[in-house]
K.L.:
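I'd like to ask you about the structure that follows.
We use all heavy atoms of the structure for the numbers below, so side chains are in, but hydrogens, waters and symmetry mates are not. We count ligands from 1, going down the list as the structure has it; atoms in each ligand are counted the same way.
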Amino acid sequence: MSSTAVIGLQWGDEAKGKIVDLLTDQHDVVVRYQGGNNAGHTVVCNGSTYKLSLLPVGVLRPQIISVIATGVVINPQALLSEIDQLRSQKISVGRNLLISDRAHLIFPYHIAEEIVLEESRGESAIGTTRRGIGTCYRDKAGRTHAIRVGDLYHSETFAARIKDIVAQKNTMLRALAPNVQPLDAGKITADYLSYADAIKGYVTDTTSFLHKALAAGKRLLFEGAQGSLLDLDHGTFPYVTSSSSSGCGIHSGSGVPERNISRMIGVVKAYTTRVGGGPFPTELDNEIGQHIRDVGHEYGTVTGRPRRCGWFDAVAASYGARISGVDQLAVMLLDVLCQLDEVKICTAYEINGAQTTDFPSQVEDLARARPVYRTLPGWKCDITRMKRLDDFPKQARAYLDALSELIGKPVEIVSIGPDREQTIFRSKV
Ligand code: IMP
């Protein structure tokens, strides 16, 4: 058994896409199992930069089968434009992509509702990507207004359901925001039936496909989106995404039991970032935070928003590692810290005068948490061309050792730049 999962341990944007891309050669199938086009992966491959959102990173390699599994929510218009964008970059997507017929669909009313709800929260807005992700998952759980990919291929019942749903959505939207533009059921039906035609060749029962692939000895690579601290159940609720974005989501989102996975890689940045609202104890609202943002190009792939930046938070990342069940770490963007005189790691929180290494379950407590820092000397040299961990200055090695000690897992991969070559593996993978 040699299937692998790549999971973010922080608030997303840990550069998981690079690790997935590096590991695709050793796998046969890459699986996205949660989230939707709220995710953003930037992958640099053969000198070109690809921005992926809904498509698994595996699509960059035609010999790999890429699966959008049951737990993903799909905006078919966004999917088709992503496929077109890749085609314009000479990456063709064809029989190498499979889409679950059980996956739920995002409709224009999901986006309209999300905008109305976010605006109603004022200062305490979640800061969503406004892609209709949460409202689609809400309808999935509620069932009455949910439509799955497979439903597109029953055109008469599909048209009747859209008519009913859109009438109800328009009533609700009007009640919440009287000036909102009503949605047109006829147009939505026509648009979605044309998307249905365009994606038909990809749609299948992916759960059955994955089980057959496992039985045939194929190696699966699970590609997490967002990060463990944005997990709907275990993250910093309500400032989370609406899916199981920790390792907990693999089983429910793909239909593959976790016992089929032999390696769980937890991906962390060498520091911490967050986009959107919610508490962030190690946030640096100062020139060091701006330095990290500038050097690390910390602007969202999907929305372009500047990311909030801060020191590495070992309390948060250890919690992420525990809920995701990872057995090793990939530390990304270590090079971003190269010019700093000293670097800090949060080892505990002080909440109401007491120290703890437990990650709080209530955001009010997290908002009150004062980080307790361990300060280490910086290494003040360029490490971006180094080939082995032994080449690193001792301060950089000490920093990695501290992360590993605090999380309690070995650092197996270190990334020191965007290119494939700028990746160091402790042992052969
Ligand atoms: P949603 O997923 O669009 O509902 O947004 C909910 C929260 O998750 C917001 O704080 C977003 O900024 C955050 N979020 C969603 N997707 C990502 C991602 O891929 N990286 C980082 N944050 C994300």
Side-chain angles (χ1 to χ4, degrees), residues 6-20 32-43 51-57 71-75 78 82 104 106-107 110-121 123-141 223-246 249 253 267-269 271-280 283 293 296-310 313 316-317 320 332-333 363 366-367:
V6 176
I7 314 284
L9 302 188
Q10 297 161 313
W11 280 287
D13 306 318
E14 296 92 350
K16 298 174 288 293
K18 176 176 174 180
I19 299 297
V20 173
R32 262 291 299 271
Y33 53 88
Q34 46 73 225
N37 63 324
N38 51 348
H41 286 148
T42 304
V43 181
K51 291 198 183 293
L52 299 167
S53 190
L54 186 53
L55 290 168
V57 168
V72 177
V73 287
I74 299 177
N75 177 331
E82 209 174 313
H104 283 249
I106 297 177
F107 285 89
H110 289 128
I111 297 167
E113 278 181 275
E114 181 171 324
I115 291 170
V116 168
L117 293 173
E118 274 287 88
E119 284 176 2
S120 75
R121 286 180 69 102
E123 288 282 286
S124 60
I126 292 163
T128 69
T129 56
R130 300 191 171 204
R131 300 288 162 104
I133 305 294
T135 36
C136 180
Y137 276 118
R138 189 195 56 194
D139 279 347
K140 171 178 173 174
E223 174 186 329
Q226 291 87 42
S228 300
L229 305 176
L230 289 172
D231 187 282
L232 178 62
D233 290 288
H234 305 287
T236 48
F237 192 89
Y239 298 98
V240 292
T241 191
S242 299
S243 65
S244 300
S245 54
S246 67
V267 187
V268 290
K269 273 179 184 163
Y271 46 93
T272 311
T273 63
R274 176 162 207 177
V275 267
F280 177 1
E283 183 167 14
R293 188 173 303 112
H297 309 294
E298 292 295 355
Y299 295 87
T301 314
V302 172
T303 59
R305 290 180 287 180
R307 295 182 184 138
R308 301 157 66 192
C309 298
D313 183 342
M332 313 302 287
L333 293 131
V363 282
L366 190 64

K.L.:
Glu118: what forms a side chain to side chain contact (heavy atoms under 4.5 Å, CB included) with it, not counting sequence neighbours?
P.N.:
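Partners of Glu118 by the side chain to side chain contact (heavy atoms under 4.5 Å, CB included) criterion, ordered by chain and then number, come out as Glu114, Arg121, Ala125, Ile126, Thr128, Arg130.
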K.L.:
Which distance, rounded to the nearest 0.5 Å, do you find between the SG of Cys309 and the CD of Glu298?
P.N.:
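Cys309 atom SG to Glu298 atom CD measures 5.0 Å (nearest 0.5 Å).
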K.L.:
Within the 4.5 Å heavy-atom criterion, are Asn37 and Ile106 side-chain neighbours or not?
P.N.:
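SC-SC contact between Asn37 and Ile106 confirmed.
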K.L.:
Looking at Asn75, Thr135, Asp139, which hits side chain to side chain donor-acceptor pair (under 3.5 Å) with His110?
P.N.:
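Testing each of Asn75, Thr135, Asp139 against His110, the sole residue satisfying side chain to side chain donor-acceptor pair (under 3.5 Å) is Asp139.
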K.L.:
What pairs meet the salt bridge (Lys or Arg N to Asp or Glu O under 4.0 Å) rule with one or both residues in residues 223-233, with sequence neighbours excluded?
P.N.:
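Of all non-adjacent pairs touching residues 223-233, none passes salt bridge (Lys or Arg N to Asp or Glu O under 4.0 Å).
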K.L.:
N or O contacts of ligand 1 with protein under 3.5 Å, please list pair by pair.
P.N.:
| residue | atom | partner | partner atom | Å |
| --- | --- | --- | --- | --- |
| ligand 1 | 2 (O) | Asn38 | ND2 | 2.9 |
| ligand 1 | 2 (O) | Thr241 | OG1 | 2.6 |
| ligand 1 | 3 (O) | Thr129 | N | 2.8 |
| ligand 1 | 3 (O) | Thr129 | OG1 | 2.5 |
| ligand 1 | 10 (O) | Val275 | O | 3.1 |
| ligand 1 | 12 (O) | Gly127 | O | 3.3 |
| ligand 1 | 12 (O) | Val275 | O | 3.3 |
| ligand 1 | 12 (O) | Arg305 | NH2 | 2.9 |
| ligand 1 | 16 (N) | Asn38 | O | 3.4 |
| ligand 1 | 16 (N) | Gln226 | NE2 | 3.2 |
| ligand 1 | 19 (O) | Asn38 | O | 3.4 |
| ligand 1 | 20 (N) | Asp13 | OD1 | 2.9 |
| ligand 1 | 20 (N) | Asp13 | OD2 | 3.4 |

K.L.:
Using the side chain to side chain contact (heavy atoms under 4.5 Å, CB included) criterion, which residues pair with Leu366? Sequence neighbours excluded.
P.N.:
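So Leu366 forms a side chain to side chain contact (heavy atoms under 4.5 Å, CB included) with Trp11, Thr236, Pro279, Pro281, Tyr349, Phe359, Pro360.
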